[in-house]
2 protein chains.
Amino acid sequence: MNGSSNGSSSRLIQGQVIEEMRRRIIKGAINPGAPLSELALAEEFGVSRTPVREALKQLQTEGLVEIRPRVGTFVTTPSRREITELFEMKELLEGAAARLLAQRGRVPEIDLLEENLREADAAVARDDRARYAQLVEEFHDLLIQGADNGKLEAHYRMLMNQLAYSRLVNTSLSQPGRPLQSDREHHLVLELVVAKDGDSAERVMREHVRASRQALMAGLQSSL
Amino acid sequence: MNGSSNGSSSRLIQGQVIEEMRRRIIKGAINPGAPLSELALAEEFGVSRTPVREALKQLQTEGLVEIRPRVGTFVTTPSRREITELFEMKELLEGAAARLLAQRGRVPEIDLLEENLREADAAVARDDRARYAQLVEEFHDLLIQGADNGKLEAHYRMLMNQLAYSRLVNTSLSQPGRPLQSDREHHLVLELVVAKDGDSAERVMREHVRASRQALMAGLQSSL
DNA sequence: CTACGGTTTGTTGCATGCAAGACCATCCGT
DNA sequence: ACGGATGGTCTTGCATGCAACAAACCGTAG
């Protein structure tokens, strides 16, 4: 398994459909709850229903769509409770990743993380929120990769996909002062990782995720 | 999602195939690495290739089989490294579950866990390893359910399926003295949970999983 | 206006046929 | 005997047709 995607998928047309549909759902190009007709998708992609059907089946197992037998297929919308659960998992996995990374010592990912923070500092300084959002995602990705645990990474990607996190990051960072605080928290985590203090790194990382979640929830409240 | 199974699957024949195949793989009724022919399975179940095919696709996403395009479908065999990774995740999730359960206070699952330990004590006392193995699985299941986090439970079940844990438990418990120690560790965890000491409960639970893993690895070594 | 029945439409579930690729054994040439 | 080409056979991937079911829609009776 490579994360949540189908390994050598590019050659198989069902693989292409999977990647495209996943991209659309995660980016929010399709409204949550919207129906996905096999036939319509098949025609749009210029293929038969079969590969589309198999793609949707996989996306269902990944938790991105829901197939109601003989009714239709719909983009899933996480309930408030599920969002809370997903963040609990995010906190768990990223905290563990920080600890594992700290235990590994100085691996290439550390350098990439330091470089990431240098860029992030600059982005925050010039108030470039879009760029900073990208860097935040990269930071978390590097942390997970640095943990060097394929299963952890796979489950993490699945979670983030269900959250459609790429969209949420922006909401979270739109809270005043959040980017600066977020950047500081990243610095602290990386310091503890470099110092090989796994326990503290995990604790601080979890606090960071909690803070990020609260900023997000606040942002969601105000946007509704 | 209800764990890793397909919700209302009983009526759809692909759902029946999924459940049956998953059961076989987890129970070890099929040798790891063995090829699974769509046609053969279809004939055995008395259906066409289509539902079998869709079932295998889902099992692939769950990590139980591997579909090599135009070659065949095979039962996956976790590598040594993957087993280590899976146990790292198990430790993580069960530790978190212990902490979450402790935070929830006295919920029904606590009573069930205490009842479970009473039976487990008896099973250990009369050296009934088979019964104790069942109770161990039930203990961990109750812990996860008690955490009251659906996502955590879903990911946990997926992990356990990949490990084919029901088989491994026996190997682990075949180590001399392991059942008694395991039982004691369970008691300690539950005490801390009841005392609402989440941090300690998580720590001890993780130590318990590590110990269980070491017993398993020792058992695997000697059996090879 | 409301409640109920029948129909119509849309959806997915399953069966089947064909095609493309991978693998293997065999045969031929050296 | 050995190496390479070649054919055959097995596998899955995809296209298509039909059937079963669900939901909406409309007309009708009360």
Side-chain angles (χ1 to χ4, degrees), chain A residues 1-2 5-22 24-25 30-77, chain B residues 1-2 5-22 24-25 30-77:
Chain A
M1 278 209 306
N2 58 349
S5 80
N6 193 342
S8 55
S9 48
S10 3
R11 294 185 47 193
L12 277 54
I13 83 183
Q14 62 171 301
Q16 299 176 20
V17 176
I18 289 174
E19 291 181 7
E20 174 61 17
M21 293 305 299
R22 185 161 43 208
R24 288 188 192 181
I25 295 175
I30 317 176
N31 284 339
L36 298 173
S37 163
E38 292 178 3
L39 192 59
L41 290 172
E43 287 176 358
E44 178 188 342
F45 287 104
V47 298
S48 86
R49 274 181 54 209
T50 308
V52 172
R53 184 174 173 71
E54 298 187 352
L56 292 177
K57 188 99 179 55
Q58 169 159 345
L59 292 177
Q60 177 187 43
T61 308
E62 292 179 11
L64 293 183
V65 308
E66 176 189 1
I67 302 176
R68 303 229 299 266
R70 302 220 150 80
V71 175
T73 304
F74 307 87
V75 180
T76 56
T77 79
Chain B
M1 281 211 301
N2 59 347
S5 81
N6 193 342
S8 55
S9 47
S10 4
R11 292 185 46 193
L12 278 53
I13 83 183
Q14 63 172 296
Q16 298 177 21
V17 175
I18 289 174
E19 290 181 9
E20 174 61 17
M21 292 305 299
R22 185 161 42 210
R24 289 189 190 180
I25 295 175
I30 316 177
N31 285 339
L36 299 173
S37 163
E38 293 178 1
L39 192 59
L41 290 172
E43 289 176 357
E44 178 188 341
F45 287 103
V47 298
S48 86
R49 274 182 53 210
T50 306
V52 171
R53 185 174 173 70
E54 299 185 353
L56 292 178
K57 188 99 180 48
Q58 169 159 344
L59 293 177
Q60 177 187 44
T61 308
E62 291 179 12
L64 292 183
V65 308
E66 178 189 359
I67 302 177
R68 301 227 303 264
R70 303 222 148 78
V71 175
T73 304
F74 307 87
V75 180
T76 56
T77 79

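Below, read A as the first sequence line, B as the second, and so on, with proteins coming before strands; counting in each chain starts at 1.
Applying the side-chain contact (heavy atoms from CB on, under 4.5 Å) rule to A:Ser48 yields the partners A:Thr50, A:Pro51; only residues at least two apart in sequence or on another chain are considered. With sequence neighbours excluded, no residue forms a salt bridge (charged side-chain N to carboxylate O under 4.0 Å, His left out) with B:Arg70. Scanning for side chain to side chain donor-acceptor pair (under 3.5 Å) contacts around B:Glu20 gives B:Arg23, B:Arg24, with sequence neighbours left out. For B:Glu54, the salt bridge (charged side-chain N to carboxylate O under 4.0 Å, His left out) partners at least two apart in sequence or on another chain are A:Arg53. Partners of B:Val75 by side-chain contact (heavy atoms from CB on, under 4.5 Å), not counting sequence neighbours, listed by chain and number: B:Ile25, B:Ile30, B:Leu36.
Between the CD1 atom of A:Ile13 and the P atom of C:dG21 there is a distance of 13 Å, rounded to whole Å. For B:Leu41 and D:dT11, the CG to C1' distance is 13 Å, given to the nearest whole Å. Regarding A:Gln16, its CD atom lies at a distance of 14 Å from the P atom of D:dG13, rounded to whole Å. We find that CD of A:Glu54 is positioned 12 Å from C1' of D:dA15, with the value rounded to whole Å. In this structure, NZ of A:Lys57 is placed 15 Å from P of D:dG13, rounded to the nearest angstrom. Atom-to-atom, CZ of A:Arg11 to P of D:dG13 comes out at 12 Å; the value is rounded to the nearest Å.
The nucleotide whose nearest atom lies closest to any side-chain atom of B:Ser48 is, among C:dG13, D:dA22, C:dA15, C:dA15.
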What pairs of nitrogen or oxygen atoms, one from the protein and one from nucleotides 9-12 of chain C, lie under 3.5 Å apart?
| unit_1 | atom_1 | unit_2 | atom_2 | d |
| --- | --- | --- | --- | --- |
| C:dT12 | OP1 | A:Leu36 | O | 3.1 |
| C:dT12 | OP1 | A:Glu38 | N | 3.3 |
| C:dT12 | OP2 | A:Glu38 | N | 3.3 |

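Closest heavy-atom contact between B:Thr77 and B:Gly33: CG2-N, 3.5 Å.
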